[in-house]
There are 2 protein chains.
Amino acid sequence: MTRATPRTTEATCDTHRRLLDAAVAIFAERGFRRTTVRDICEAADANVAAVNYHFGNKAALYDAAFDHARKRSNEENPFVQMDSGRDFHADKPPERRLYLFIRTMLEHQFRDGEPTDLTRLMTHEMMLPTPALDRLIEVSVRRVYGGLIQIILDLMPQDSTEKQARAYAMSVSAQCHFHHLALPMIQRLEPKQRYTPKALDDLADHIHRFTLAAVRGIDAKELNR
Amino acid sequence: MTRATPRTTEATCDTHRRLLDAAVAIFAERGFRRTTVRDICEAADANVAAVNYHFGNKAALYDAAFDHARKRSNEENPFVQMDSGRDFHADKPPERRLYLFIRTMLEHQFRDGEPTDLTRLMTHEMMLPTPALDRLIEVSVRRVYGGLIQIILDLMPQDSTEKQARAYAMSVSAQCHFHHLALPMIQRLEPKQRYTPKALDDLADHIHRFTLAAVRGIDAKELNR
DNA sequence: AAGTGTATCAAACAATTGTTTGAATACAAG
DNA sequence: CTTGTATTCAAACAATTGTTTGATACACTT
């Protein structure tokens, strides 16, 4: 039997959820400092005092919104198998795993041609790190990054050092993250650049080929797809 | 004969210059929204009204500070010859030009192991573009980016398309810019990473080798340096 | 010496904004 | 119905902050 009386501010309360959704969208768009609790409350169709009632204060709402966006993103588009302690698509050859990694990373960042809310929140964190960034890294980024290093190690000759693999991993991460981190600059330098699913295909292909050629020194054209 | 009476707010006025210097430093550190004119005035040892007297308002001060940082950066570390309409080190082979490009780009971004003021200002612009970003791109970035594309075209087989060269240029730019754009994340994933002159050497070498292998499909070890 | 324009400054102003308050409302349990 | 708790809300509060004001000091010209 479900208790009808809300014990505390949980899923039972609709205003709580609406505030969270509005907060994710507006924080993602404008960052912490430029968004006002009044804007969020208006978007959530709630009273100005609702934020403090349900979350304590603006900073706590930001934290909750960040974690909310992180969970939702992970539900919508999980890094397959990379969560479960096993390697990312461990059964497939490393060339293929590298492509799937790049592709998954890009799909994490763009949705319907636009940066996702979580991506934009993270980009804002790059300018003004808060404890939310540390949580994101510990919960998700570090494991994903470790998976990338493993893929690259599998790709390199046996006697390669991990230090070199980390340098390669940095180059791959750079190519994957550059497009949302420097979006305003890219839009001005390459106005035709798009991030639709089709465009992400091309982008993933390019980064895959570029990286494979660098790491293995071979032409990756035949291996792709 | 120099006129002793300051005609308007120019180099003659010391407060004007102090405000500009303080503004560059503080805007670079905190971005536009989080810096207060009071902080800038305190750092510049000036009255609160000084900003409005000398620059009109906070936004105009930001614009002036951005352009000031841009000019200063270009004086300290110009993109050699790239300004003069000619190609970047056009007399040298493209492999060498690529290395010099990467090296110069990295040196633009880090000074004494820290991101430069202009770099940090530009990073903030990625989060919240203002007309200052457009000016920077038109005055400097677009030409430099065009130079990179030319280098890559020279590096590729004759029948290569410009579209492909632009994709490569994007990968090079990504590797060069990632380190300051994602600094908080990199510091957490690779805590040993440094940006001292020596570390920039290593980084430039890596990006150069990585890129050359991808573009030419050859081992760049012998060509480096 | 008087006049003129520049520069500085303390104080105040006005708008924004995160937060609190105290009353009103809804609703389930007794 | 009464009670108690959760929730909503209009209003107010307090702090921050960009900007303005009016006075004052200063340097130079006439």
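This structure is a prediction, so every number in the text was calculated from the model and none was measured. In the text below, chain A, chain B and the rest are named by the order of the sequence lines, each starting its count at 1.
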Of the nucleotides [options], which has the atom closest to the [X] side chain?
{"X": "B/K58", "options": "D/dA6, D/dT19, C/dT19", "value": "D/dT19"}
{"X": "B/A49", "options": "D/dC9, C/dC9, D/dT8", "value": "C/dC9"}
{"X": "A/V37", "options": "C/dG18, C/dA7, D/dG18", "value": "C/dG18"}
{"X": "B/C13", "options": "D/dT19, C/dA7, C/dT20", "value": "C/dA7"}

(request) Could you label the plane-to-plane angle of the A/F110 and A/Y195 rings as parallel, tilted or perpendicular, counting under 30° as parallel and over 60° as perpendicular? (result) parallel
(request) On the 0 to 90° scale, with breaks at 30° and 60°, tag the B/H206-B/F210 ring pair as parallel, tilted or perpendicular. (result)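 Tilted.
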Could you check how far [atom1] of [X] sits from [atom2] of [N], rounded to whole Å?
{"X": "A/D39", "N": "C/dT17", "atom1": "CG", "atom2": "P", "value": "7 Å"}
{"X": "B/H16", "N": "C/dA7", "atom1": "NE2", "atom2": "C1'", "value": "13 Å"}
{"X": "B/R38", "N": "C/dC13", "atom1": "CZ", "atom2": "C1'", "value": "11 Å"}
{"X": "B/I26", "N": "D/dT17", "atom1": "CD1", "atom2": "P", "value": "12 Å"}
{"X": "A/N47", "N": "C/dG18", "atom1": "CG", "atom2": "P", "value": "14 Å"}
{"X": "A/E42", "N": "D/dC9", "atom1": "CD", "atom2": "C1'", "value": "15 Å"}
{"X": "B/I40", "N": "D/dT19", "atom1": "CD1", "atom2": "P", "value": "11 Å"}
{"X": "B/D14", "N": "D/dA27", "atom1": "CG", "atom2": "C1'", "value": "16 Å"}

(message) Quick check on B/E138: does its CD atom have over 12 non-hydrogen neighbours (other residues, nucleotides or ligands) under 6.0 Å away?
(response) yes
(message) Assess the residue pair B/D205 and B/R209 against the criterion (salt bridge (Lys or Arg N to Asp or Glu O under 4.0 Å)); give the C-alpha distance rounded to whole Å, side-chain angles, the decisive distance to 0.1 Å, and a yes or no.
(response) CA-CA 6 Å; B/D205 282 357; B/R209 271 203 283 264; 5.2 Å; no
(message) So does A/T35 get a backbone contact from the side chain of A/K58, meaning a donor-acceptor N/O pair under 3.5 Å?
(response) yes
(message) Less than 4.0 angstrom between a side-chain N/O of A/T15 and OP1 or OP2 of D/dT8, yes or no?
(response) yes
(request) For C/dT6, take OP1 and OP2 only and decide whether either is under 4.0 Å from a side-chain N or O of B/H54. (result) no
(request) Find which nucleotide of DNA chain C each of A/T36 and A/N52 is nearest to by heavy atoms, and output the residue with the more 5' nucleotide. (result) A/T36
(request) Could you say whether A/R33 or A/A46 is positioned toward the 5' end of DNA chain D, judged by the nucleotide with the nearest heavy atom to each? (result) A/A46
